[in-house]
Colleague: 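Shown below is the structure under consideration.
Chain naming here is simple, since letters A, B, ... match the order of the sequence lines and numbering starts at 1 in each.
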Amino acid sequence: MLQQYAHVLLFVGLGTIFALGAFVLSFLLRERGHDPRTRVPYECGVEPVGTPRVRLNVRFYIFALLFVIFDVETLYIYPWAVVARPLGIAGFWEMVVFIAILFLALLYAWRKEAFRWE
Amino acid sequence: MGIIFPAAWPPLARQLLVMLGQCAAILAVINLTVMFLIWLERKVSAHMQSRLGPMYAGGWHGWAKSIADGIKLLVKQDIVPTGADPWVHRLAPVIAFVPAFACYAPLPFGRQLAAVNLDIGILYVFAISGLSVLGILMAGWGSGNKYSMLGGLRAAAQLVSYEVPRVLSVVPVLLWVGSQNLSLIVDTQRHFKWFLFYPNPLVGVIAFLVFFTASVAECNRTPFDIPEAESEIVAGFHTEYSGIKFAFFFLAEYAFVFLSAGLGAVLFLGGGDGVLLPSWVWFLFKTFLLVFVFMWVRWTFPRFRVDRLLAFSWKFLTPVSFANIVLAGLTLHWLS
């Protein structure tokens with residue numbers, strides 16, 4: 001069990017080493033430019049106006065919140081799905097109630113126009 | 001094996017070497033596959049638009065085009081824009097690529113051919129692939145460019161929105177197998193009991209279609225390529241990326257395409273199940289078939305508008321997957 005996760009960790013480690021190694025190789029091989037104009041942010045050829053860290057639309061935040069809610073609920077559905085057969089018909093109806101409540105939450109968000117983008 | 005791993009070595013070191021070897025083999029396979037996919041995408045797109053695509057590099061139908069591109073990207077100069085957050089900017093491609101690679105750990109490339117036989121295989125893949133959003137957000141934030149910022153935020157909104165139906169769509173498969181282990185899922189589908197049409201074709205087809213649509217969106221590909229819509233926000237989150245940093249975003253994107261197609265094959269098309277040929281050949285055949293559909297979709301449909309894109313996920317795909325779960329549960333209990 002622990003060995004499996006060590007293996008997964010090895011995947012993460014090797015991926016990181018591969019990426020950083022490629023960066024180092026590129027650092028050694030690449031051409032070096034000195035023109036300061038190449039470092040201007042590309043905004044269709046004109047000099048950028050103002051800071052790039054602009055105010056964010058609140059929509060993005062709402063979608064992130066909705067995602068957190070529904071993804072956590074999904075985490076409850078997954079373990080149920082694995083043991084649904086032994087739990088039998090009672091477990092199934094309990095999950096139907098759970099999904100119905102979730103669906104109500106979705107309808108509420110819909111009604112409140114959380115999915116609208118203006 | 002005796003020659004490569006002398007018996008005198010301590011068992012732990014041998015085990016570690018075997019594990020490292022598997023990781024390295026998968027890394028090599030992914031890199032080669034991605035290079036092939038990039039060439040394939042160019043050829044497929046070209047022929048769909050009555051062009052020829054790359055024809056010169058390497059001679060035969062430009063087969064070496066991806067290699068030439070790789071070398072070009074390796075030796076290009078490194079540009080960090082003036083307003084950028086240099087370390088966030090540089091680390092973003094690594095954060096985007098590493099999850100894409102780590103997701104391959106439990107993927108069975110055939111019958112019992114997974115590097116790590118994880119019991120929570122599906123959950124692991126979804127959890128880790130969700131991390132790549134971080135890389136995209138870092139790229140958007142760290143580039144010091146308004147278009148990058150917008151692209152990064154759009155990407156985050158889209159990826160999290162489509163994550164919900166994608167995760168929900170595979171619940172019927174879990175119901176029928178009673179495990180999240182990907183190798184076990186493949187074994188359960190042996191002898192053409194593919195979950196696409198067994199035990200309930202209606203549930204299987206709906207689940208597969210939702211999974212596939214959400215996967216296309218997760219890979220940021222047309223018609224869901226709002227994060228990098230070139231006619232609106234230049235190139236979205238990777239506007240300021242060039243050279244090797246850009247190469248890693250590209251690598252991550254195609255690694256996710258292959259992963260999504262592979263998952264589709266494993267979950268719904270029986271993975272390595274087939275007749276006569278070895279199981280890994282069947283797996284690759286089905287995966288490349290799905291990859292081709294990915295490309296076909298990309299070069300056929302126009303881009304969604306951003307509001308419709310998000311509404312499609314929340315107002316259509318999510319309710320459909322909820323209904324499909326209930327339908328799948330009914331099937332399960334009607335059968336038993």
Colleague: What part of A:Leu20 gets closer than 4.5 Å to chain B, counting heavy atoms only: side chain, backbone, both or neither?
Modeller: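 Side chain only.
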
Colleague: Chain B heavy atoms under 4.5 Å from A:Ala6: which part of the residue, side chain, backbone, both or neither?
Modeller: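 Both backbone and side chain of A:Ala6 come within 4.5 Å of chain B.
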
Colleague: For the rings on B:Tyr241 and B:Phe248, is their centre-to-centre separation under 6.0 Å?
Modeller: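 No: the rings miss the under 6.0 Å criterion.
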
Colleague: Out of B:Val75, B:Thr82, B:Val160, B:Leu20, which one racks up the most heavy-atom pairs below 4.5 Å with chain A?
Modeller: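 Most heavy-atom pairs under 4.5 Å with chain A: B:Val160.
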
Colleague: B:Asp85 versus chain A, heavy atoms under 4.5 Å apart: side chain, backbone, both or neither?
Modeller: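 Both backbone and side chain.
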
Colleague: With a 4.5 angstrom heavy-atom cut-off, could you sort out which part of A:Val83 is near chain B: side chain, backbone, both or neither?
Modeller: neither

Colleague: In terms of heavy-atom pairs under 4.5 Å with chain A, which of B:Ser161, B:Gly243, B:Ala157, B:Gly178 leads?
Modeller: B:Gly178

Colleague: Quick check on B:Ile95 against chain A: is it the side chain, the backbone, both or neither that has a heavy atom closer than 4.5 Å?
Modeller: neither

Colleague: Between B:Arg90, B:Gln77, B:Gln22, which has the largest tally of heavy atom pairs under 4.5 Å with chain A?
Modeller: B:Gln77

Colleague: Do the side chains of B:Leu174 and A:Trp80 get nearer than 4.5 Å, heavy atoms only?
Modeller: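 No, too far: nothing below the 4.5 Å cut-off.
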
Colleague: Chain B heavy atoms under 4.5 Å from A:Ile89: which part of the residue, side chain, backbone, both or neither?
Modeller: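 Answer is both: backbone and side chain atoms of A:Ile89 are under 4.5 Å from chain B.
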
Colleague: Any sub-3.5 Å donor-acceptor pair from B:Ser143's side-chain atoms to B:Gly140's backbone N or O?
Modeller: no

Colleague: Which atoms of A:Tyr5 come close to chain B, meaning under 4.5 Å heavy atom to heavy atom: side chain ones, backbone ones, both, or neither?
Modeller: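 For A:Tyr5, the contact with chain B is made by the side chain alone.
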
Colleague: Under 6.0 Å between ring centres, would you say that holds for A:Phe70 and B:Trp314?
Modeller: yes

Colleague: Side chain, backbone, both or neither: which part of A:Leu75 has an atom under 4.5 Å from a heavy atom of chain B?
Modeller: side chain

Colleague: When only pairs under 4.5 Å are counted, which of B:Ile30, B:Val167, B:Val164 shares the most heavy-atom pairs with chain A?
Modeller: B:Val167

Colleague: Checking B:Lys76 against chain A: side chain, backbone, both or neither under 4.5 Å from a heavy atom?
Modeller: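 Backbone of B:Lys76 only, per the 4.5 Å heavy-atom cut-off to chain A.
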
Colleague: Among B:Leu16, B:Ile120, B:Leu118, B:Ile79, single out the residue with the greatest number of heavy-atom pairs under 4.5 Å to chain A.
Modeller: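 Highest number of heavy-atom pairs under 4.5 Å: B:Leu118.
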
Colleague: Identify which part of B:Met19 has an atom lying under 4.5 Å from any heavy atom of chain A, answering side chain, backbone, both or neither.
Modeller: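 Both parts, backbone and side chain.
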
Colleague: With a 4.5 angstrom heavy-atom cut-off, which part of A:Leu10 approaches chain B: side chain, backbone, both or neither?
Modeller: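 Contact with chain B: backbone and side chain both.
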
Colleague: State whether A:Phe60 and B:Arg154 meet the cation-pi test: NZ (Lys) or CZ (Arg) under 6.0 Å from the six-membered ring centroid, and within 45° of the perpendicular axis.
Modeller: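 Output no; distance or angle outside limits.
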
Colleague: Based on non-hydrogen pairs under 4.5 Å, which of A:Ala100, A:Ala19, A:Ala109 is most in contact with chain B?
Modeller: A:Ala19

Colleague: Heavy atoms only, distances under 4.5 angstrom: which of B:Ala105, B:Ser179, B:Pro99, B:Ala102 has the most pairs with chain A? Name it, please.
Modeller: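 Looking at each of B:Ala105, B:Ser179, B:Pro99, B:Ala102 in turn, B:Ala105 comes out on top.
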
Colleague: Does any heavy atom of chain A fall under 4.5 Å from the side chain of B:Val173, the backbone, both, or neither of them?
Modeller: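 Interface part for B:Val173: neither.
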
Colleague: Where do A:Met95 and A:Tyr76 come nearest, in terms of heavy atoms and distance?
Modeller: CE-O, 4.3 Å

